[in-house]
Amino acid sequence: MRDPHDYSRYGYSIAPEQGDLIYLLCRGIRATRTVEFATSVGMSTLYAAAAVRDNGGGKVIGSEIVPTKVTGARANLAEAGLADYAEIREGDARTTLRDLGGQVDFALIDGWLGADPSLAREVIEIIAPNYASAATS
């Protein structure tokens, strides 16, 4: 399996159109709590945080394992004036996303696929009990 620390110099980001989609989806469902696996330097976090702000407030909980990317994401959020709407947790998402403090409205799974089993699938299984539609079913 690839080591994400080997890619610490690369700030994987989304395209503006992808960010617009994240923003519109979060606005459309009136998301106030979102979760993100593999924050990187926080570009997708910015769009989700802007939507949460525009929905009246809340929190984006992001997880990133590479310390330099965590620093970059926090700096980007601060520069955009969105730091109050996001919490970036440093470490392995299988640990950092175990306690989300309640239901979430939106999840962005944007990390390593990994080997077998898929790391993305492991993270989905961890956050699924907190997903709003699952919690209300």
What's the spacing between Lys59 NZ and Arg33 CZ if we round to 0.5 Å? 9.5 Å
With heavy-atom distances below 4.5 Å as the criterion, would you say the side chains of Arg27 and Leu24 are in contact? no
Test your reading of the model: is there a side-chain donor-acceptor pair from Asn130 to the backbone of Leu100, 3.5 Å cut-off? no
Report yes or no: do Glu36 and Thr45 form a side-chain donor-acceptor pair below 3.5 Å? yes
Between Arg30 (side chain) and Cys26 (backbone), is there a donor-acceptor pair under 3.5 Å? no
Got a second to check how far Ile88's CD1 is from Leu77's CG, nearest 0.5 Å? 5.5 Å
What are the two closest heavy atoms between Val123 and Ala93, and how far apart are they? CG2-CB, 4.0 Å
Going by side chain to side chain contact (heavy atoms under 4.5 Å, CB included), Thr34 matches just one of Ile22, Val104, Val60, Leu25. Which one? Val60
Shortest non-hydrogen contact from Ile126 toward Leu97: CG2-O, 3.7 Å
Drop me the distance from Ile127's CD1 to Phe37's CZ, to the nearest 0.5 angstrom. 10.0 Å
Would you check if the side chain of Thr95 reaches a backbone N or O of Gly91 as a donor-acceptor pair within less than 3.5 Å? no
Report, as yes or no, whether the 6.0 Å neighbourhood of atom CD on Glu125 holds more than 12 heavy atoms from other residues, nucleotides or ligands. yes
With a 3.5 Å cut-off and no angle check, do the side chains of Tyr131 and Asp105 form a donor-acceptor pair? no
Side chains of Pro16 and Tyr47: closer than 4.5 Å at any heavy-atom pair? yes
Rounded at 0.5 Å granularity, tell me how far CG in Asp110 sits from OG in Ser63. 12.0 Å
Are Pro67 and Glu90 packed together at the side-chain level, in the sense that at least one heavy-atom pair is separated by less than 4.5 angstrom? yes
Please round to the nearest 0.5 Å and tell me the distance separating atom CD1 of Ile65 and atom OG1 of Thr39. 12.0 Å
Ala31 versus Phe106, closest heavy-atom pair with distance: CB-CB, 4.5 Å
Side-chain donor/acceptor of Ser118 to backbone N/O of Arg121, under 3.5 Å: yes
Can you name the closest pair of heavy atoms from Ile14 and Ser44 and give their distance? CD1-CA, 3.6 Å
Spacing of Lys69 atom NZ and Arg74 atom CZ [to the nearest 0.5 Å]: 15.0 Å
